Structure formats: structure tokens, C-alpha cells
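Take a look at the structure below.
None of these values were measured; they are calculated from a predicted model. To find a chain, count down the sequence lines: A is the first, B the second, and so on, and within it residues start at 1.
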Protein chains: 2
Amino acid sequence: MKPCAAILTIGDELILGDRVDTNGPWLSRTLLEHGIKTSERCSVSDSIPAISKAIIRLAKLNSIVFVTGGLGPTEDDRTTEALADALGEHLVHDDDALASIEKWFEARGLVRPPQNDIQAMRPISSEWIENKAGTAPGLLATIGNCTVVCLPGPPSELQTMLATILPDVTAPIDCTGPVCTTEVRAWGMPESVAGEKIAAFMQLQEPRVSILMGKEGIVARVTSADASLVKETVSRIQELWSPWAFGTNEATLASSIGKLLVGGSVSTAESCTAGLLCDAFANTPGASKWFVGGWVTYANEMKMSQLGVAGALIDSAGAVSAEVARAMSEGAVACSGSLAAVSTTGIAGPTGGTIRKPLGTVFIGCTVHGVTTVREFRFTGTRNEVRQRATFSALQMLRFRVLDLDVPTMCWQYGEVFA
Amino acid sequence: MKPCAAILTIGDELILGDRVDTNGPWLSRTLLEHGIKTSERCSVSDSIPAISKAIIRLAKLNSIVFVTGGLGPTEDDRTTEALADALGEHLVHDDDALASIEKWFEARGLVRPPQNDIQAMRPISSEWIENKAGTAPGLLATIGNCTVVCLPGPPSELQTMLATILPDVTAPIDCTGPVCTTEVRAWGMPESVAGEKIAAFMQLQEPRVSILMGKEGIVARVTSADASLVKETVSRIQELWSPWAFGTNEATLASSIGKLLVGGSVSTAESCTAGLLCDAFANTPGASKWFVGGWVTYANEMKMSQLGVAGALIDSAGAVSAEVARAMSEGAVACSGSLAAVSTTGIAGPTGGTIRKPLGTVFIGCTVHGVTTVREFRFTGTRNEVRQRATFSALQMLRFRVLDLDVPTMCWQYGEVFA
């Protein structure tokens, strides 16, 4: 039997539908990159019998079972007891595990609350796994021929712990060898156009090419055991998606702009996106080298007092206008001395729309080397989606300008047919 | 046995982690509103044996099983065959089902492509369910005492079809009746403390009380068929979690601050959170009434030129210091004329930490009616988590100040024992 993994995610919040499980998909992708295919993913509630039964069932069918969640210090964290039940064992108190929890609190100048003691309990035949990102140790046990790995639920703790233990737990399994996956990221063209451009690739069995639409844009995922085939396919897709594709894997529009700025700097002047542009830049490690900062001029008085936008202009053109977007972007350059600036002013909703400027109307301004480009958009979606789409469109506009390209007609741009 | 449902979602894209399953959670929520609890949610790949085995297993344990996906016209849609396999039956061609597919295409002035014929096949003992939003009919079958309902994967088709059939399929099941759920939201106390305060409630069967830790804080979810019992329990938990609890359900720290400001206004001065504070306020509909805007002073020059922070102070105390946090917050009030302001300066990582100020060190300043409070924190997690935790902690500090409370020792605050 080919080695395969099962993933068991624990929590009433998953079962009741109040939380969408993102750990499961992340685990499946990460395991696939290591040549381990997921056979099944399963969610059960915070109930000892339910968790225990699921562990026993999945351990019979798989070489490895990953359990996530239920390791916290509270009443409804039952994974440790459930694992003991599945193993038919009692719990013991592990002094080393407790010491590691102590250490975690001490490092933060804190005293460990007594309730965290229970996180140092483990089934007698199991081992504990250090948690470098939180207090809940993981657990490693064996049922028959199956390795059972219990990981904490918080994504940063889960991901840090998996990275440290994956080599050990996969060593005994004869994996198909690492599978290589690369994602190509793009923004600004409609999904239908993106799909058409790479339709031929999507019919292939090898490499496997799929398109995902996320709130951060369009992604083509290329997967194969043949790394050079993936590399080749990725560069073909980047050509076909030019100029919309801005990078691969962890790349963001902001990070690609940062790379292009070489010595230049950028500032922001936001109204409706109110901080999302700054956030996008600040999320890029090393941004402090080229991102000087920005203004969120939500009130008109702030647009005037901080960015020097003329009150008369706001009165005549309106705060949501091409003229004000231009004045904000140029004001940001003037006040910060940055090489480039980007500005947004619009109506995110849920109220405030007019016939001429309906909800979703956003003007984006972009100044590079003293030259300003302004575009009008009509974004669809909720208040939050409008603000996010405006942010990514502004970043893509800035990227085009920094690349010295004419800004092409973009998705959601007002009054023009997408070429 | 209480009636319970299982949900089986089909698709390689789910198993490989290319897509996060949102149908499952939506189904669980919708069923719960009709008094049907989900016992388990499970995802398998587009493989007939895998789907068939899962249907048989879940049908043994549940009164009803919902299967979603795999009803399309393409090669990798295998749910119909898998259901036949689970029933031990062969497939028959259903003329009525085909007619309904014909109708769907005709209504859109289209000719039915031949490959859609296979969507009119069904296991002999099953019934087809009309799809008013697409071409794939659903399937209704019985295995032992369990009803198996196969629904299409596209959310709009799934949701339209469920609405039409839910009364019929739930009629035979003796449901507990509609269930009421309310969430209490809190920020700033450790999870262990939050759990201890309401431990007694979490042992109850009725109402069901569970704790979730999310990136937006600590949530207690109270669920029961008895709405008044939920209401009562929620207000008890709000008392026990005072002053940390800031609202229920859709409430956010920013919206609760907005409600408290009555006529007052707020501005922000951010360094490491770089826009997240603005974003939190701007996400609140109606924020333009009380949120004037803010500065992201990422570069020291911006702190000096925009907020009037003395260069000498930055040189002596350092940009990441209590003194600069205070000067930024007071500068924001001075420059914007707002009643209140909140500021952040810190080291989000991944680099830039020192022995005295390690990664995660953040100083938060908060000025209300001319009085400034500053606190030092040591946040854990990734760069992004540090920035988010700093943002919510800053908002909670501001909320305490606007409530005229002494700011208590908060989670992640440096060097103090949590009371």
C-alpha cells in the first residue's frame, strides 16, 4: 500500500460551521510537497469518544494520522484524553514538557498559570513535542503500523511544530519522493481571461495545473514530482500571464514593488482603503528600507491639513473624484519626499452611493517620478471586498508604473471593455 | 439515538488542499438552525471506492448524510457511480431528469452538450432532485435507516437545492427544533484565565458553552434550543469576563469604541501596526462620523515631520520606546484635534530584535482627554500575528480609557503577573 496520511481536525467550531478549516488544506499541501498524499480529511467535535473513534479508524487505514486542535488548557480541549483512550492507556505527567511550558512563560517575564499544568500530561507510551511558538506541546504516538501526530490548532504553532518534526515522522514512510509545487500569482485580469490563457496546461496530467481565485488574486498552482518540468511550466505561465503575473509562491504585489524600487521610496495617501495599502507594504519584511509611511485622510479636513488638498477642489469635484485622487497622491510625494506615492478615494459602502458614483466607485492615483496616473474603478462585493480589491488594484497600478509600463485596462476599471 | 447528520464533501481539490471547503461549514450551520447537529464532516478524493466506503460508513452512524460535489458532467465527477456502488445497484437513465436538464439549457437559448446526458443517470432505487440553479440534478437515496442526499458542489446550486428539499428530508427525523447561538467576544486575558472563569458553564450539557481562540480574540459560544437560557448565560459570561468582554456576535473592539465615543473622535499614529488600526476603525460602517484618520510614520523622519516627535527623543530613547509611543499619541491628538488617539511602535520581526528589545516588543500609547497611558508588550507569533495582536491590544486599551477604567494588566504585557 502506498503511504498515505489522514488529517483529523478537532473542534465544535468546525463541526458547527462557525469556523472554516484552513489548517487541513495547509497540511495537505505541505504533506504533498513531501510526497505524502492525503487520503481523507475529517472533522469531529470536542468529544472524547468521537475523537478516539476517529483516531482508531484512521490509524487502521493510513501510515500516518495528523490530529490538529484540542491541545489547549481549557475544559473543551480533549485531544490528549482522547489519544489516551484510543491507545487504551492512562495519562502521565511529563516534567520535561512542564519545564518547556515554564520556560515559555519565563521568556516573557510571566508566571505560568496553574491551569497550563494539564498541557504537560501525555499518554504513557507517547512522546511530547516542543512547541516553540506557544504553550501547548504536541504529542507523538504509535497505533499498530500508524504514527499519530497531535499538533496545536493555532496556525503559527501548527506550522512551526510540523516543520521541526516532519523529517522524523516521514523517515519511516517510503514516500514517493518530494512533490514540487509552485504557485504563479497575478492580479488585474478577469478569471475567464486567466483560464483561457493557460487552458492547454490545465488539461495536462503531468504537471498538474489548477487555477484558484482568492481574495489576493488569481493563482495558478503547478504540481509535479519533476521539479524541472514545474520550473519550465511556471515560466511559460508567467509569460502567458504577463504583465499581470507579479511573482510566485510567497511573492506579493508589495514585495515585488519593493524589489523594483531599488533605492526609491514609496508613501501612501488613503481614504476608502484606510490603512490597507500601508498594511500591504508593512507586511513585507524589510519594508522599512523603502516604505516611509502614509496618511489615512478619512475626514476632508485631514485631506486639506495633511496633504494640502484644496478645499475648493473638494467642493467642486467632490472628495471621491479623479482630481482629489491626483491631489492626494501628489500631496503624499510633496509631504514625504518619496519617489512614488499611491492614493485611493472612493465609496466602499454599505451606504453613500449616488447615481453618478454608485457603491464600489474608487479613484486610484499613482505618482512616480512626478508623473501621476489616475484611474476610475467600479468594484463589486461587500464593503471589505471593495476595500481589498481597491488596494490590490492600486498596488498593481503602482507596479506597472514602477516597471515603466503603460497601465493597461484592468479588471473592474470603469467604462472600458477589457482587451 | 438523537438525530444527527454527516457531511461528505467530494473532490481532489479539497483533499490536495487547493481549495478550502466552505460548503461543509455552511451546511452545518444551516442544519443546526433546523435542529440537526452535524456529527462529522469528511472529505475524500474523486475516487469511486473512497466515496462509496465513506457513504456506507457514515450511513451506519447517522440519520442523514449529505454528499456535496462530484455530480458534474466531467471525467472526475464520480458521485453518482459511487452512490450506486454503495447501494449495490446499477445506474438507470432518467428521462424526467434529462428533460429538466434540457429545459435548463433551452431557457438560456443553449443546446445541451451531449456530455451532460450522464447527469441524468441515477441508481435504480434513488430519486433525482431538480436543480433550479444549474444542470446537475441532486440524488436522494436510502441506506438502512439513513437518508443520503447528494447535492451539487457550486454553492449557489447547493444552497438553492437544499432550501427546496430540507423540509422533506428532515420531516422523518425527529429534530430538536431550531437552535440559538450567541458568541461573547473578549480580548486581553489569557485563554487559560478565560476558561477558568467560565469552567462551570463549559461542563453543562444545556446550554452548550465552548471557547474558541481566534486571531480576533477569545470567543465563548453559547448554544441551546432555549433562547432565553442562551440570553441569560451570555449575560452571566459577560459579567464573568468583565472588563475583557467587549460585545457579542458581530461586535468588534472598534465598533464598541465607536459607540462609546458619543460625539468624540479618534485618530491613530502607527509604526509597527502600519495601517491595521486605521483598518479596524474603517471596517466599522459609519466610522466616518468619529474616525478622522491617522498617520503611518514608518520612517523616523515621518514621526518627526508629521507628528512633531523630537529627533533628540528618538536618539535618546530609541524609536521603539515608551517615550516615543507617548509622543506619537499626543502628536496625533495635537495634529488632528481628535478627542482620543492611540499609537504603536515596536519590532514586529522577523529581524531587528535586540536583547533589551526582542522581537515582539511593542509600546502602545493611548491619549484620552489629554491624559496618556503607555504600556510595554512582548507579543508572540509571526510578524503578522505580532502586528494583529498589537492592534487589538491597542484597541482594548483605548476602550478601557474611553470607559474611564484603569487599564488592567493585559495578556502579553511585559514583566507583570496576570492578575
Side-chain angles (χ1 to χ4, degrees), chain A residues 12-22 25-29 32 38 40-44 46 50 72-76 108-111 113 115-116 133-134 154 156 210 212 221 274-279 281-283 285 288 291-299 301-302 336 350 383-384, chain B residues 13 15-22 25-29 32 38 40-44 190-193 195-196 199 202-203 210-213 221 274-279 282-283 285 288 291-299 301-302 336 350-351 378 380-385 414-415 417-418:
Chain A
D12 287 357
E13 71 277 14
L14 297 173
I15 274 300
L16 297 179
D18 293 310
R19 290 289 177 284
V20 167
D21 171 35
T22 53
W26 180 85
L27 266 168
S28 294
R29 285 196 303 273
L32 193 63
T38 302
E40 173 176 344
R41 216 158 54 220
C42 191
S43 301
V44 299
D46 303 312
T74 69
E75 265 309 312
D76 58 0
R108 283 151 190 83
L110 301 171
V111 172
Q115 359 11 321
N116 288 77
S156 62
S210 58
L212 329 172
R221 176 178 291 123
L276 291 178
L277 275 167
C278 287
D279 181 44
F281 288 127
N283 257 332
S288 50
F291 173 56
V292 298
W295 294 260
V296 173
T297 54
Y298 219 58
E301 297 63 41
M302 291 280 283
S336 72
R383 175 185 177 91
N384 223 344
Chain B
E13 72 279 13
I15 275 301
L16 297 180
D18 289 345
R19 223 182 54 212
V20 167
D21 170 36
T22 53
W26 180 84
L27 266 168
S28 294
R29 284 197 304 273
L32 194 63
T38 303
E40 173 175 344
R41 214 158 54 221
C42 191
S43 301
V44 297
E191 179 182 12
S192 52
V193 173
E196 200 187 340
M202 293 176 68
Q203 273 134 17
S210 61
I211 285 192
L212 329 173
M213 290 296 294
R221 180 180 304 97
L276 290 179
L277 275 167
C278 286
D279 181 44
N283 257 331
S288 49
F291 173 56
V292 297
W295 293 259
V296 173
T297 55
Y298 219 57
E301 297 64 37
M302 290 282 283
S336 71
T351 61
R378 290 277 192 281
T380 57
T382 62
R383 176 185 176 90
N384 219 348
E385 285 169 323
Y414 178 62
V417 180
F418 192 88

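- Taking the side chain as every heavy atom from C-beta outward, Cys278(A) and Tyr298(B) never approach each other to under 4.5 Å.
- Ranked by heavy-atom pairs shorter than 4.5 Å toward chain B, the options Ser210(A), Gly294(A), Ala299(A) are led by Gly294(A).
- Judged purely by atom type and a 3.5 angstrom limit, Asp279(A) has no side-chain atom pairing as donor or acceptor with the backbone of Gly275(B).
- Counting heavy-atom pairs closer than 4.5 Å to chain B, the top-ranked of the candidates Pro285(A), Gly134(A), Ser336(A) is Pro285(A).
- Looking at Gln203(B), the atoms closer than 4.5 Å to chain A (heavy atoms on both sides) all sit in the side chain, from C-beta outward.
- Inter-residue side-chain proximity for Glu191(B) and Pro73(A) is flagged as met; some heavy-atom pair is nearer than 4.5 Å.
- Within the 3.5 Å criterion, the main-chain N or O of Ala282(B) finds a donor-acceptor partner in the side chain of Arg383(A).
- Shown here are the side-chain contact (heavy atoms from CB on, under 4.5 Å) partners of Glu196(B), two or more places apart in sequence or in another chain: Gln115(A).
- Residue contact with chain B, scored on non-hydrogen atoms closer than 4.5 Å, involves the side chain of Arg221(A) exclusively.
- If you measure heavy-atom distances from Glu40(B) to chain A, the contacts under 4.5 Å come from both the backbone and the side chain.
- Ranked by heavy-atom pairs shorter than 4.5 Å toward chain A, the options Val44(B), Val292(B), Thr38(B) are led by Val292(B).
- For the set Gly381(B), Ser288(B), Ser43(B), the count of heavy-atom pairs under 4.5 angstrom toward chain A peaks at Ser43(B).
- Annotation: maximal heavy-atom pairing with chain B below 4.5 Å, among Asp76(A), Thr74(A), Thr22(A), Leu14(A), occurs at Asp76(A).
- Contacts with chain B were tallied for Ser156(A), Ala50(A), Gly72(A), Pro154(A); Ser156(A) has the most, counting heavy-atom pairs under 4.5 Å.
- Between Asn384(A) and Asn283(B) the shortest side-chain heavy-atom distance falls below 4.5 Å.
- Between atom CG of residue Asp21(A) and atom CD1 of residue Ile15(A) there is a gap of 10.5 Å, rounded to the nearest 0.5 Å.
- Proximity to chain A (any heavy atom under 4.5 Å) is shown, for Arg41(B), by both the backbone and the side chain.
- Considering only heavy-atom pairs separated by less than 4.5 Å from chain A, the leading option among Cys42(B), Ala199(B), Ser192(B) is Ser192(B).
- Using a 4.5 Å cut-off on side-chain heavy atoms (C-beta onward), Val296(B) and Trp295(A) make no contact.
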